[in-house]
2 protein chains.
Amino acid sequence: MKKITIGEAARQSGVKVPTIRYYEGIGLLSAPSRSEGNQRSYEPSDLNRLAFIRHARELGFEIEAIRTLLQLQDDPHQSCASADAIAKARLIEVEQRIRSLNALKAELELMVEGCGHGRVDQCRVIEVLADHGKCAHPHH
Amino acid sequence: MKKITIGEAARQSGVKVPTIRYYEGIGLLSAPSRSEGNQRSYEPSDLNRLAFIRHARELGFEIEAIRTLLQLQDDPHQSCASADAIAKARLIEVEQRIRSLNALKAELELMVEGCGHGRVDQCRVIEVLADHGKCAHPHH
DNA sequence: CTTGCACCTCTAGTCGCTAGAGGATGTAGG
DNA sequence: CCTACATCCTCTAGCGACTAGAGGTGCAAG
């Protein structure tokens with residue numbers, strides 16, 4: 001029941017102060033009550049919401065997806081099909097990103113290995129960049 | 001020796017017309033000569049530069065890194081140590097990103113598997129988001 | 001009472017483009 | 001030669017998700 005300043009909320013949630021204000025501005029967080037001197041004063045329950053948002057952001061969910069997920073959380077009688085769909089879509093995104101990054105990794109490794117540490121005209125890094133055809137896996 | 005319009009350059013390089021103009025604006029590409037009617041007219045050699053930039057962007061290099069790489073390419077007598085360093089730094093970034101995405105993937109898979117497709121109050125997706133402690137690998 | 005930090009609002013900047021307005025040019029057909 | 005239409009030009013503003021900074025107020029300790 002203790003009221004919390006924005007700085008304290010930031011410390012406890014791991015979300016930076018300006019970011020908290022930003023979330024309020026875009027309506028992701030409802031505006032808290034204010035102290036006599038017009039300073040934001042949060043309830044402990046607001047920390048849960050902040051933690052939820054932070055965790056979702058860490059998992060790479062977009063703000064709009066988080067908005068939907070928060071609405072679902074607020075109304076526990078709804079079907080969780082949308083939450084499931086959002087998470088699945090995110091999973092597919094992540095899997096694709098991993099595949100593409102693995103291709104990049106292979107390419108970069110070849111470039112770095114092939115670098116004779118001499119002059120630029122023998123440098124495989126520059127050479128490969130200049131000629132996509134020299135890529136081992138050209139499908140990126 | 002044939003001059004090329006910006007549209008043709010875009011088609012041949014795979015870089016979009018506004019993006020080519022953007023690259024010129026930020027000084028990544030030098031301004032080409034102009035036709036009588038003030039339209040950009042590119043040399044075939046400009047296509048190589050565009051392809052270089054496009055390839056480097058596909059590999060995730062930042063504009064500033066590409067600026068450096070292009071300078072190195074322009075002066076082939078320089079040591080390629082900087083090119084090597086840039087590529088290595090990018091490789092490390094990519095490796096870290098892959099690791100972190102793999103952790104995310106595991107988390108998302110658990111969330112999606114655990115979803116009983118019922119109501120939100122039994123939904124593991126929402127539950128895990130609300131409580132980071134329920135993560136299998138909490139170090140993301 | 002003063003120091004100094006934390007808070008307030010507001011605007012503008014970041015990155016790498018992308019979209020759109022409003023107008024000029026170039027080309028192909030009639 | 002005229003018209004239609006695609007392509008080009010410049011310029012400004014917008015995207016997402018913040019971050020930085022200016023300029024001012026609140027508050028707690030010494």
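In what follows, every chain begins at residue 1, and chains take the letters A, B, ... in the order their sequences are listed. Side chains are part of it too, since the values below use all heavy atoms of this structure and drop only hydrogens, waters and symmetry mates.
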Q: Is B:T19 close enough to C:dT18 that one of its side-chain N or O atoms is under 4.0 Å from OP1 or OP2 there?
A: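 For B:T19, the contact criterion (side-chain N or O under 4.0 Å from OP1 or OP2 of C:dT18) is met.
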Q: Write out a two-atom table: protein N or O, nucleotide N or O from nucleotides 1-3 of chain D, distance below 3.5 Å.
A:
none

Q: Is B:E93 salt-bridged to B:R90, cutoff N-O under 4.0 Å?
A: yes
Q: Using a 4.0 Å heavy-atom cut-off across all strands, classify A:E36 as base, sugar-phosphate, or nothing.
A: nothing
Q: Would you say B:K16 reaches C:dT18's phosphate, i.e. side-chain N/O to OP1/OP2 under 4.0 Å?
A: yes
Q: In terms of side-chain heavy atoms, does A:S33 have a donor or acceptor partner in A:K3 at a distance below 3.5 Å?
A: yes
Q: Using a cut-off of 4.0 Å between protein heavy atoms and nucleotide atoms, how would you tag nucleotides 6-11 of chain C 5' to 3' with B, S and -?
A: -SSB--
Q: Answer with base, sugar-phosphate or nothing: what part of the nucleic acid does A:Y23 contact at a heavy-atom distance below 4.0 Å?
A: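 Sugar-phosphate, backbone atoms only, no base.
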Q: Is the shortest distance from a Lys or Arg side-chain nitrogen in A:E95 or A:R99 to a carboxylate oxygen in the other one below 4.0 Å?
A: no
Q: Among pairs that include at least one residue of residues 61-73 of chain A, which meet side chain to side chain donor-acceptor pair (under 3.5 Å), considering only residues two or more places apart or in two chains?
A: A:E64-A:R67
Q: Which of the following nucleotides, C:dT18, D:dT19, D:dC18, is nearest to the side chain of A:R57?
A: D:dC18
Q: Go through the steps for A:R21 and A:E24 under the test salt bridge (charged side-chain N to carboxylate O under 4.0 Å, His left out), then give the verdict.
A: CA-CA 5 Å; A:R21 287 196 279 248; A:E24 184 186 323; over 6 Å; no
